[in-house]
Amino acid sequence: MKLQGVNDFVIRFANVNGSGSASANALFAKSVFRLGVPVSPKNIFPSNIQGLPTWYEVRINEKGNLGRRGGYDVVVAMNGQTLKKDYEGLAPGGYFMYDSARQLPADFARDDITLIDIPLTQICNREFEDPKLSQLLKNIVYVGALTHLFDMEFSVLTDSILSQYKKKPKLGEPNIKALELGFEYAATHFQDTCKLKVKRSNQLTRHILMDGNTATALGAVYGGATVAGWYPITPSTSVIEAFDRFTGQYRRDESGKKRVAILQAEDELTALGIALGASWNGARGFTATSGPGISLMNEFLGLAYFAEIPVVLIDVQRTGPSTGMPTRTQQSDILLCAYASHGDTKHVLLFPCDPRECFEMTADAFDLAERLQTPVIIMSDLDLGMNDHICLPLEWDDTRTYDRGKVLDGNQLESLTEKWGRYLDKDGDGICYRTIPGTHPRLGSYFTRGSSHDEYAAYTEDNDTYQRIMLRLDKKWQTAKSLVPKPDIQVSDTGTGYGAVFFGTSAQASHEALETLESKGIMINTMRLRGFPFQDEVREFIDRHKTLFVIEQNRDGQMRTLLINECRIRPDKLVSITHFDGLPITAGHISDSIQQILNAQTQQGGAQ
């Protein structure tokens, strides 16, 4: 029986990397978005430039469930290397589109799916003389065919192409022709074949579609960043590229001179050093990297923590360890970032779950870093950073002013009646008063060092003084708890003994999975972590529940470990739900894993 429904299915495009398919697949996803239908595209691509398999998975869901569901209902199979895998993985009742220039192997004998054979190569070779162009336009032809099969508004796609090639109309013409060829072929040969449809909806009247790295870069612009030190690394490079693009447009003075500095360093350690030097000198500096870069930056993160230098670091996490899979996603830098560097160090972490939070948290991070005089790390990941996501429009209050924290100016230095100490806590919150170089010709200077120092920045190896400074840093850490974003807690049943904890890009799939369990009578309250250090609300939520499922995208349950360590939680109370194959976590994996654990608990209880 054929799968059927409106605005509720998953389509997977199976292509060869470097074949020009990404733009065609994105055209399809963005056209669904322009129809007002919730959509979530995931580009699953290899780390080499050309040749290896790539997939582009698009989930369409009227309800707005946009985490990965698991499984797929339609395949556009354009890669011979993965043809069998794509064929076998298709859901029963699904639709398998392929280029009929080559016949399917004899063992492709499923009778529970619908084949849609379109001679894409023959059509393009016949209609387009340029061999290279013909190869590229095969992708547009299959998009045209899908437009008919799903009964989509054809004008939405043609308008998208015209808009994309507005400045180069000659490129737009063959693309529209290819779109029409695919549509016409499907209309002639597959009149009423597909029962899955995409119909205009009113679900997205205000929403935007953008990737997290772009939103992060905008957050840095609005947050007042003027210096970026960086070293290219997937998947964070586009953060700096977008920052360069936006500042080139919006951060120029009257003479046209760009008012920011973007410096590419020889390595990640130097990149952080550039950002630290800028921040120490009064600018707002930042860098963007991924896990391998964080490993190299540990030395300077320890310096920034101990010397108390504000800086913002964007970590777009990828699969590790070592080089790992550079173009796959994970949430596996949690412990690395929380305790980066040797000795007793702790760093403020922020966990955005969509592009809007990438924007807001990045902008806020610069205020937070200066107020706390410490590194603040944005914990994004490849899925959030490089894929398009639906979110509400980004907003900014034009009356907002930057919070520079406790910075003394020249007049304040002259009016002091007591000796000023760079590391002297006057207010009891662990945060000391700092100066910016050049503030005063005689007052406010100090020696910044990573070695042990006293309250007046003088070198010392006195045991009591060192301990006093370290305890004061811990007091500042306690102050940070009141400044980082609080968790998002949803209590659906005050009587349930079950809770779920998740963060970042695990949020959407987690919410959907828990809704599925709720429909079966299993009530689970939720807490989405948004920042570290953890506030009292985190501990209180955990204390109210008998069992908590900690959902995260790494092998070792790193967030679970962090909760146990920081909140002094009994380990057997926190149950790990982990996912670490490099693809975004699915709602099906979460709900199935929790169901299995609950079933096992029930069986054990019955046996007793």
Side-chain angles (χ1 to χ4, degrees), residues 317 330-340 344-351 353 377 379 471 473-507 509-511 513-514 517 522-580 585 589-591 593-602 604-605:
Q317 299 168 89
Q330 271 187 356
Q331 297 174 316
S332 54
D333 296 347
I334 307 304
L335 295 176
L336 171 66
C337 289
Y339 302 127
D344 293 322
T345 57
K346 293 182 180 180
H347 301 293
V348 174
L349 310 181
L350 304 181
F351 304 104
C353 74
I377 306 176
M379 303 298 291
L471 288 173
L473 285 170
D474 185 66
K475 183 185 291 184
K476 181 167 73 170
W477 183 251
Q478 302 307 315
T479 299
K481 293 180 180 181
S482 65
L483 300 177
V484 301
K486 290 188 176 183
D488 179 9
I489 295 174
Q490 297 182 22
V491 178
S492 57
D493 186 353
T494 56
T496 184
Y498 297 110
V501 181
F502 46 83
F503 59 97
T505 51
S506 297
S510 296
H511 282 302
L514 298 175
L517 292 170
I522 301 171
M523 307 300 293
I524 300 177
N525 297 324
T526 66
M527 176 170 65
R528 177 170 70 89
L529 299 172
R530 302 178 66 233
F532 175 70
F534 302 130
Q535 303 92 336
D536 291 342
E537 289 87 344
V538 174
R539 177 60 191 258
E540 290 166 1
F541 179 86
I542 294 172
D543 286 345
R544 288 199 302 267
H545 297 87
K546 176 182 66 176
T547 300
L548 294 107
F549 303 102
V550 185
I551 303 164
E552 49 188 314
Q553 299 180 63
N554 58 70
R555 185 193 67 182
D556 295 339
Q558 295 185 25
M559 184 60 78
R560 175 181 178 271
T561 298
L562 194 61
L563 287 165
I564 291 170
N565 191 47
E566 294 293 323
C567 299
R568 303 295 188 264
I569 304 299
R570 196 178 75 246
D572 61 357
K573 189 171 185 175
L574 302 183
V575 180
S576 281
I577 304 294
T578 61
H579 175 87
F580 51 92
I585 194 169
H589 171 76
I590 296 169
S591 58
S593 298
I594 293 176
Q595 184 74 71
Q596 290 172 11
I597 292 168
L598 294 178
N599 290 344
Q601 290 180 349
T602 300
Q604 289 174 0

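No hydrogens, no waters, no symmetry mates; every other heavy atom, side chains included, goes into these values.
A pairwise comparison of heavy atoms in Ser576 and Gly557 identifies OG-CA, 3.9 Å as the closest pair. Of all non-hydrogen atoms in Val348 and Trp477, the two that sit nearest each other are N-CZ3, 3.8 Å. Scanning both residues, Gln553 and Thr505, for their nearest heavy atoms gives NE2-OG1, 3.3 Å. Of all heavy-atom pairs spanning Phe541 and Leu548, the tightest one is CE2-CD2, 3.6 Å. Residues Lys573 and Ile542 approach most closely at NZ-O, 2.9 Å, considering heavy atoms.
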Next on the checklist: Pair Ile524, Thr496 - check side chain to side chain contact (heavy atoms under 4.5 Å, CB included), show working.
Outcome noted: CA-CA 7 Å; Ile524 300 177; Thr496 184; 5.5 Å; no
Next on the checklist: Run Ile334 and Thr561 through side chain to side chain contact (heavy atoms under 4.5 Å, CB included) and show every step you take.
Outcome noted: CA-CA 10 Å; Ile334 307 304; Thr561 298; over 6 Å; no
Item to check | Candidate pair His579 and Ile590, rule side chain to side chain contact (heavy atoms under 4.5 Å, CB included), full reasoning | outcome: CA-CA 9 Å; His579 175 87; Ile590 296 169; over 6 Å; no
Checklist entry - Could you go step by step and tell me if Leu336 and Gln558 meet the side chain to side chain contact (heavy atoms under 4.5 Å, CB included) rule? => result CA-CA 9 Å; Leu336 171 66; Gln558 295 185 25; 5.8 Å; no
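Looking only at atom types and distance, the side chain of Lys475 has no donor-acceptor partner in the side chain of Gln478 under 3.5 Å away.
Between Tyr498 and Phe549, the ring-plane angle classifies as parallel under the 30° and 60° cut-offs. Ring-plane geometry between Phe534 and Phe532 is classed as perpendicular, the angle between the planes exceeding 60 degrees on a 0 to 90 degree scale with a lower cut at 30.
Considering only heavy atoms from C-beta on, Asp333 stays 4.5 Å or farther from Ile377 through its side chain. Looking at Thr547 and Leu598, their side chains never come closer than 4.5 Å, going by heavy atoms from C-beta outward. Counting heavy atoms from C-beta outward, Arg555 and Thr578 have side chains that stay 4.5 Å or more apart.
When the shell of 6.0 Å around CZ of Arg539 is examined, it contains more than 12 heavy atoms from other residues, nucleotides or ligands.
Put simply, the side chain of Gln330 gets close to the backbone of Phe580: a donor and an acceptor are under 3.5 Å apart. At distances below 3.5 Å, at least one donor-acceptor pair connects side-chain atoms of His347 with backbone N or O atoms of Ala340. Within the 3.5 Å criterion, the main-chain N or O of Phe502 finds no donor-acceptor partner in the side chain of Ser510. The backbone N or O of Ser506 sits nowhere less than 3.5 Å from a side-chain atom of Arg528 that would complete a donor-acceptor pair. With hydrogens and angles disregarded, a donor-acceptor distance shorter than 3.5 Å links the side chain of Glu552 to the backbone of Arg560.
Between the CD1 atom of Ile585 and the CG atom of Asn554 there is a distance of 9.5 Å, given to the nearest 0.5 Å. Rounded to the nearest 0.5 angstrom, Arg544 CZ and Met527 CE are separated by 9.0 Å. Once rounded to the nearest 0.5 Å, the distance linking CG of Asp536 with OG of Ser482 reads 10.5 Å. How far CG of Leu335 is from CG of Asn565: 8.5 Å, rounded to the nearest 0.5 Å. Separating the CD1 atom in Ile551 from the CD atom in Gln331 is a distance of 10.5 Å, to the nearest 0.5 Å. The line from CE of Met379 to SG of Cys353 is 15.0 Å long, rounded to the nearest 0.5 Å.
With sequence neighbours excluded, the residues satisfying salt bridge (Lys or Arg N to Asp or Glu O under 4.0 Å) with Lys346 are Glu566.
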Donor-acceptor contacts under 3.5 Å from residues 484-493 side chains, at least two apart:
| unit_1 | atom_1 | unit_2 | atom_2 | d |
| --- | --- | --- | --- | --- |
| Lys486 | NZ | Glu537 | OE2 | 3.0 |
| Ser492 | OG | Asn525 | OD1 | 3.4 |
| Asp493 | OD1 | Gly495 | N | 2.9 |

